[in-house]
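Please read the structure below before turning to the comments.
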Amino acid sequence: HWTVPVWFAEMGGFERASNIQYFVRFAEKVLLELGAELTYITTINEPDSVIGHGYITLQWPPQKHSYLKAFWVYRNLLVAHKRVYRLAKKMGARRYKVGFTKAYAWARAGDTRLLTRWAVRLDFLLRDDLIIRYVGQRHLDFIGVNYYFSDIHKGLRMEGESLKVNDLGWGMRPTDLKYVLERLSKWGKPLIITESGVADREDAYRKWWISQSLVAISEAMQ
């Protein structure tokens, strides 16, 4: 997941700001070849997952434990988005709607302590607000929303929902999608749900998940 070409990885991948030019060149080639078929473009998918699993939990490549590199890769991915956004607008200003996609979770307070309430606010600030502010309103035609689960804060400790879980052990709260959408609406940009779903090998929850997600979307729109 989230692998890059070997030659790009050997050059340092997105750890090096100088390598952003190669991603921009790739995007330009895609637009030249396929641009006539495109309207909506999402440039980067889940940079938070890239750095989280690649540089902190080490579940995916490049498996280098470094918070400094994680920060720098995240920054370079956001810069890459802005550069591709400007490129796409230059190549087809009226045709293309260009957005940015990341994973969004709904953060919930597990108790009434002041520390917990501040932890929830800090979670939203660091994971969502600062990222969108850095990308900037001028570099977003829409916000791509990937939603799978909610997080529960209890003081400085964060845990997942444990009442009903999917095959990956993630808590299933499709109705919380409503709160994610309502919160993101403050940015005044169209919201496109680019990913959502449930890991469910036996199809025990899929119908329920889809119906509850549609209810959540409808309530958020209202």
Side-chain angles (χ1 to χ4, degrees), residues 45-60 65-75 77-78 100-137 140 143-189 191 193-200 204-205 208-209 211-222:
N45 182 60
E46 291 194 15
D48 35 0
S49 298
V50 173
I51 62 119
H53 295 305
Y55 295 88
I56 298 174
T57 67
L58 307 187
Q59 292 172 282
W60 299 333
H65 193 271
S66 171
Y67 287 96
L68 180 60
K69 287 183 178 180
F71 171 82
W72 194 245
V73 168
Y74 208 141
R75 178 262 181 192
L77 288 169
L78 298 181
F100 165 77
T101 298
K102 68 180 292 295
Y104 294 93
W106 180 247
R108 299 163 52 229
D111 55 52
T112 59
R113 288 180 294 167
L114 179 63
L115 180 61
T116 297
R117 296 199 301 270
W118 276 103
V120 170
R121 294 181 65 179
L122 186 62
D123 187 335
F124 285 135
L125 174 66
L126 294 178
R127 286 205 290 183
D128 299 345
D129 293 350
L130 288 181
I131 305 306
I132 296 178
R133 287 186 185 279
Y134 184 79
V135 170
Q137 298 277 57
L140 279 177
I143 296 174
V145 181
N146 293 357
Y147 173 76
Y148 291 101
F149 52 77
S150 298
D151 291 317
I152 302 174
H153 287 270
K154 294 182 179 179
L156 297 178
R157 186 165 51 90
M158 186 171 69
E159 57 189 50
E161 179 65 57
S162 58
L163 295 178
K164 186 186 290 187
V165 297
N166 65 19
D167 293 353
L168 295 175
W170 298 353
M172 296 187 291
R173 297 184 65 92
T175 53
D176 283 353
L177 176 58
K178 168 187 175 181
Y179 307 120
V180 172
L181 297 175
E182 288 178 344
R183 185 173 186 279
L184 291 175
S185 70
K186 72 178 184 178
W187 298 102
K189 297 292 183 178
L191 305 176
I193 301 172
T194 39
E195 285 187 31
S196 186
V198 58
D200 180 17
Y205 299 109
W208 166 79
W209 178 280
S211 63
Q212 291 300 299
S213 296
L214 292 173
V215 169
I217 295 167
S218 176
E219 291 180 353
M221 291 174 69
Q222 292 174 20

Tell me the closest heavy-atom pair linking [X] and [Y], and the distance in Å.
X	Y	value
G155	D111	N-OD2, 4.2 Å
T194	G144	OG1-C, 3.6 Å
L77	P47	CD1-CB, 3.7 Å
L140	I143	CD1-CG1, 4.2 Å
H65	L58	N-CD2, 3.6 Å

Please step through side-chain contact (heavy atoms from CB on, under 4.5 Å) for the pair Y147 and L181, ending with a clear verdict.
CA-CA 10 Å; Y147 173 76; L181 297 175; over 6 Å; no

N/O donor-acceptor pair under 3.5 Å between S213 side chain and P174 backbone
no

Polar side-chain atom of D200 near backbone of Y205 as donor-acceptor pair, under 3.5 Å
yes

L122/H153 under side-chain contact (heavy atoms from CB on, under 4.5 Å): CA gap, chis, key distance, verdict:
CA-CA 11 Å; L122 186 62; H153 287 270; over 6 Å; no

For the atom pair [atom1] ([X]) and [atom2] ([Y]), what is the distance rounded to the nearest 0.5 Å?
X	Y	atom1	atom2	answer
S185	M221	OG	CE	12.0 Å
I56	I51	CD1	CD1	4.5 Å
S196	W209	OG	CH2	5.0 Å
R157	I152	CZ	CD1	10.0 Å
D48	L126	CG	CG	12.5 Å
N166	Y148	CG	OH	10.5 Å

Between [Y] and [X], is there a side-chain heavy-atom distance shorter than 4.5 Å?
X	Y	answer
M172	Q212	no
S49	W60	yes
V180	L191	no

[X], [atom1] atom: more than 12 neighbouring heavy atoms under 6.0 Å:
X	atom1	value
W208	CH2	yes
Y134	OH	yes
F124	CZ	yes
L156	CG	no
R113	CZ	yes

Classify the ring geometry between W170 and F149 as parallel (under 30°), tilted (30 to 60°) or perpendicular (over 60°).
perpendicular

Could you tell me which residues satisfy side chain to side chain contact (heavy atoms under 4.5 Å, CB included) with E219, sequence neighbours excluded, listed by chain and number?
K178, V215

Could you walk me through whether V50 and E46 pass the side-chain contact (heavy atoms from CB on, under 4.5 Å) check?
CA-CA 7 Å; V50 173; E46 291 194 15; 5.8 Å; no

Go through I132 and L184 one step at a time and tell me if the side-chain contact (heavy atoms from CB on, under 4.5 Å) criterion holds.
CA-CA 10 Å; I132 296 178; L184 291 175; 4.1 Å; yes

Could you work out, with salt bridge (Lys or Arg N to Asp or Glu O under 4.0 Å) as the rule, every residue matching E182, not counting sequence neighbours?
none

Residues in salt bridge (Lys or Arg N to Asp or Glu O under 4.0 Å) contact with R183, at least two apart in sequence or another chain
D128, D129

With ring centroids as reference points, do H53 and Y55 lie under 6.0 angstrom apart?
no

Verify whether one side chain among T101 and Y104 offers a donor that lies under 3.5 Å from an acceptor in the other.
no

